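What follows is one structure encoded as structure tokens, with my remarks underneath.
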Amino acid sequence: MDLHGWIIYNGYLPGNKFLDFAEWIQEAAHKRNISTSIYKNNELLPLLSTGELELLNSQQTKKPDFVVFTDKDIYLAKQLELMGIPVFNNAESIEKSDDKIATYQMLAAEKLPVPKTIIAPKIFAKTSQFNPKDFQNATEDLGFPMIIKEAFGSFGEQVYLVHTIEEMFAKVRELHGKPFMLQEYVHSSHGTDMRLHVVGNHVVAAMTRHASNDFRANVTAGGTMKKYQPSIEEKNIAVAAAKAIGTDFAGVDLLFGPNNTPIICEVNSNAHIRNMFDCTGINVADYMIDYILKKIGK
């Protein structure tokens, strides 16, 4: 099979986890006899002019048969799509996933279970006209404790738990000028959630995550993992959530709602897979490559 793919990650982020993710995908492709090249996004600068859409990349002249995009550089992803290259995930789904407000809107539009959420109004820059008391009525709908979540963030960061109206006022004053939302706190899922990895129409691996000293269950924030067998309802919700924002594959985080009813917490278009393998022994990258081959007709 004479195919060649690109795997793109962000070259500006610290640590090795982003390259590690790319290398897992490369190894899965190698097992299918598919050659791949790994690029940092800063090695592929989009170039456009009248009648031209190209990349500033002296090392590679032939376009790949596909791109696995493990980054959130939606402008580069879109440039590749406009050049006629199949990109997984596509730029639009990455953009929706990256913006948690947009994610919740799409999920709610599909009548999927999400926490009750109030979106902060758009502010273009910090202003003396900002008044935290604009959010006072939110306490009647959401109560305390309350989650305050920035629209953009990863690994459980940019998510805050406030217990009083004074704490809420202080946090929204700190965040004003950024897009954020107020959200009901799901008490029944304190310190625990589940990660379901969706590829196409299937949940291919799942685990629960548990924190002993944090309301967030992210492994990056110190949580531990356990292999998990999700229910049919949980699988269906995870697949529907991934489809709602248009991803080919995604890590869908579900909370344990009252009576263990699943509630969607996040949909991650660039979900890393090493932790899932360490916990379950399932290599999600194998499923991703097989899905891509099917999608491009190979």
Side-chain angles (χ1 to χ4, degrees), residues 69 71-75 77-78 81 87-125 130 134-143 146-162 168 171-172 175-186 189 193-198 200-201 203 216 218 233-258 261-271:
F69 209 84
D71 187 34
K72 298 179 180 180
D73 187 341
I74 57 174
Y75 300 115
K78 190 64 178 179
E81 291 173 21
V87 179
F88 305 90
N89 286 303
N90 64 49
E92 183 178 0
S93 66
I94 295 171
E95 183 175 23
K96 290 177 182 175
S97 171
D98 192 32
D99 183 342
K100 294 180 177 62
I101 293 174
T103 295
Y104 284 120
Q105 287 180 319
M106 298 305 297
L107 297 174
E110 294 296 323
K111 298 180 172 55
L112 293 170
V114 295
K116 184 180 288 188
T117 301
I118 295 174
I119 301 169
K122 175 70 174 179
I123 301 175
F124 290 97
F130 179 79
D134 292 341
F135 300 91
Q136 188 159 353
N137 289 342
T139 62
E140 298 176 9
D141 282 290
L142 305 180
M146 178 193 298
I147 295 291
I148 299 180
K149 184 180 295 185
E150 296 184 41
F152 301 96
S154 300
F155 306 114
E157 299 175 6
Q158 294 81 42
V159 180
Y160 315 99
L161 183 66
V162 297
M168 184 191 80
K171 183 55 69 174
V172 300
L175 294 180
H176 102 268
K178 299 179 179 180
F180 68 92
M181 71 202 88
L182 312 177
Q183 202 167 66
E184 69 173 325
Y185 182 56
V186 182
S189 200
D193 69 6
M194 66 185 97
R195 161 67 60 86
L196 279 62
H197 214 114
V198 176
N201 294 319
V203 173
R216 299 162 299 177
N218 301 70
E233 180 187 19
E234 289 162 352
K235 290 180 181 179
N236 289 341
I237 288 174
V239 171
K243 284 188 173 298
I245 64 169
T247 57
D248 297 292
F249 28 77
V252 180
D253 297 341
L254 301 180
L255 302 174
F256 293 93
T261 55
I263 299 173
I264 303 168
C265 180
E266 289 186 14
V267 182
N268 303 275
S269 66
N270 306 94

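Residue indices begin at 1 and follow the sequence shown. Worth saying up front: this structure is predicted, and the values here are computed from it rather than measured.
Atom CG of residue Asn90 and atom CD of residue Glu81 lie 5.0 Å apart, to the nearest 0.5 angstrom. One finds the CG atom of Asp253 at 10.5 Å from the NE2 atom of His197 (value rounded to the nearest 0.5 Å). Summarising the geometry, atom NZ belonging to Lys72 is positioned 11.0 Å from atom CD1 belonging to Ile74; distances are rounded to the nearest 0.5 Å. The line from CD1 of Ile123 to NE2 of His176 is 5.5 Å long, rounded to the nearest 0.5 Å. Here Glu92 contributes atom CD and Ser269 contributes atom OG; the two are 12.0 Å apart, rounded to the nearest 0.5 Å. Residue Lys149 holds its NZ atom at 10.5 Å from CD1 of Ile101, rounded to the nearest 0.5 Å.
Between Asp99 and Phe152 there is a side-chain heavy-atom pair separated by less than 4.5 Å. Contact of the Pro121 side chain with the Phe135 side chain is registered, since non-hydrogen atoms from C-beta on lie closer than 4.5 Å.
More than 12 heavy atoms of other shown residues, nucleotides or ligands fall within 6.0 angstrom of atom CD in Glu150.
Paired with Pro113 under the rule side-chain contact (heavy atoms from CB on, under 4.5 Å), one option of Leu107, Leu254, Ile237, Thr261 passes, and it is Ile237. Across Met168, Lys171, Glu184, Gln183, a single residue satisfies side-chain contact (heavy atoms from CB on, under 4.5 Å) together with Met146, and that is Met168. Put simply, the residue from Gln105, Glu95, Lys96, Glu110 that forms a side-chain contact (heavy atoms from CB on, under 4.5 Å) with Ile245 is Lys96. Shown are Thr117, Ile147, Val172; of these, the side-chain contact (heavy atoms from CB on, under 4.5 Å) with Leu182 is made only by Val172.
Although no hydrogens or angles enter the test, the distance criterion places no donor-acceptor pair under 3.5 Å between the side chain of Tyr104 and the main chain of Glu266. Side chain of Asp248 to backbone of Asn89: no donor-acceptor contact under 3.5 angstrom is found. Here the side chain of Asp98 pairs no donor or acceptor atom with the backbone of Ala151 at under 3.5 angstrom. Here the side chain of Asn268 pairs no donor or acceptor atom with the backbone of Ser97 at under 3.5 angstrom. Without hydrogens or angle criteria, Asp193 side chain to Leu255 main chain gives no donor-acceptor distance under 3.5 Å. The backbone N or O of Gly153 sits less than 3.5 Å from a side-chain atom of Lys100, completing a donor-acceptor pair.
Taking the six-membered ring wherever Trp is involved, the centroid distance between the rings of Phe180 and Tyr160 does not fall below 6.0 Å.
Minimum interatomic distance between Ile118 and Ala138 (heavy atoms only, all atoms of both residues): CD1-CB, 3.6 Å. Closest heavy-atom contact between Ile264 and Ala241: CD1-CB, 3.8 Å. Of all the heavy atoms in Gly200 and Val239, the pair that sits closest is O-CG1, 4.3 Å.
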